[in-house]
Enquirer: 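I have a structure here, written as structure tokens, and I will follow up with some questions on it.
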Amino acid sequence: MNKKYKCINSFILKMIAIITMVIDHVGAVLFPMNMMFRYIGRISFPLFVFLLVEGSIHTRKIRKYELRMFLFALIFIHRMYSGHWVLDW
């Protein structure tokens, strides 16, 4: 069966989310008074949350997936509150 339309897969959604997030951050740093960059960037969070939920639905080991997400959150929060925004591991 020949597909007439191509679907948007998770890779394309990730790329859209990453691009809109970069636009948001560039706008926040270089153009703080121009809110259009920020509005475009607001698309990224719902996309990342959707992909996170899709990942949890399609995983075989939900506890291992949740543990990885929790550890990533701990690392991020620690680095955020310790002031290490640059990757200076």
Side-chain angles (χ1 to χ4, degrees):
M1 182 176 204
N2 192 2
K3 288 187 177 181
K4 190 173 184 176
Y5 301 104
K6 295 191 181 216
C7 295
I8 295 178
N9 58 15
S10 64
F11 177 76
I12 293 173
L13 284 177
K14 286 177 194 174
M15 291 299 109
I16 292 170
I18 289 171
I19 291 168
T20 57
M21 183 178 61
V22 168
I23 290 171
D24 181 43
H25 288 105
V26 167
V29 173
L30 300 179
F31 308 106
M33 298 304 289
N34 190 350
M35 292 304 292
M36 186 55 66
F37 290 101
R38 304 306 302 250
Y39 296 144
I40 293 170
R42 299 300 179 221
I43 299 168
S44 63
F45 180 72
L47 289 175
F48 281 126
V49 171
F50 173 75
L51 291 167
L52 179 74
V53 171
E54 281 289 311
S56 67
I57 290 171
H58 294 294
T59 188
R60 291 187 177 157
K61 298 180 180 178
I62 188 71
R63 294 293 173 211
K64 189 174 180 182
Y65 185 81
E66 289 171 348
L67 179 65
R68 282 195 312 260
M69 294 299 113
F70 179 72
L71 291 176
F72 177 76
L74 282 180
I75 292 169
F76 176 76
I77 289 171
H78 170 71
R79 292 187 63 79
M80 182 175 70
Y81 286 114
S82 66
H84 297 286
W85 284 105
V86 181
L87 293 176
D88 56 356
W89 305 77

Enquirer: Are Leu13 and Ile19 linked, directly or through other ILVMFWY residues, by side chains that come within less than 4.5 angstrom of each other?
Expert: no
Enquirer: Is there a continuous path of hydrophobic side-chain contacts, each under 4.5 Å between heavy atoms, that joins Phe48 to Val53?
Expert: no
Enquirer: Please find the pair of heavy atoms, one from Leu52 and one from Tyr65, that lie closest to each other, and give the distance.
Expert: O-OH, 3.1 Å
Enquirer: When Phe45 is tested against each of Val49, Leu47, Ile43 for side chain to side chain contact (heavy atoms under 4.5 Å, CB included), which residue passes?
Expert: Val49
Enquirer: Would you give the length of the straight line joining atom OG1 of Thr59 to atom CD of Glu54, rounded to the nearest 0.5 angstrom?
Expert: 12.5 Å
Enquirer: Treat each ILVMFWY residue as a node, draw an edge where side-chain heavy atoms are under 4.5 Å apart, and state whether Phe70 and Phe76 are in one component.
Expert: no
Enquirer: Sort out for me which residue in Arg60, Lys61, Glu66 forms a side chain to side chain contact (heavy atoms under 4.5 Å, CB included) with Lys64.
Expert: Lys61
Enquirer: What's the separation between atom CD1 in Ile16 and atom CE in Met21, rounded to the nearest 0.5 Å?
Expert: 13.5 Å
Enquirer: For atom CD1 of Ile57, is the number of surrounding heavy atoms from other residues, nucleotides or ligands below 6.0 Å larger than 12?
Expert: yes
Enquirer: Holding to side chain to side chain contact (heavy atoms under 4.5 Å, CB included), I want the full list of residues that pass it with Met35, two or more places apart in sequence or in another chain.
Expert: Arg38, Tyr39
Enquirer: Please answer: with hydrophobic residues joined when any side-chain heavy atoms are less than 4.5 Å apart, are Ile62 and Leu51 in the same cluster?
Expert: no
Enquirer: Are Ile75 and Met69 linked, directly or through other ILVMFWY residues, by side chains that come within less than 4.5 angstrom of each other?
Expert: no
Enquirer: Hey, mind stepping through Ser44 and Ile18 against side-chain contact (heavy atoms from CB on, under 4.5 Å) and telling me if it holds?
Expert: CA-CA 7 Å; Ser44 63; Ile18 289 171; over 6 Å; no
Enquirer: Please name the pair of heavy atoms, one in Asn9 and one in Ile12, separated by the smallest distance, quoted to 0.1 Å.
Expert: OD1-N, 3.1 Å
Enquirer: Going by ring pair (Phe, Tyr, Trp, His ring centres under 6.0 Å), name the residues that satisfy it together with Phe31, two or more places apart in sequence or in a different chain.
Expert: Phe37
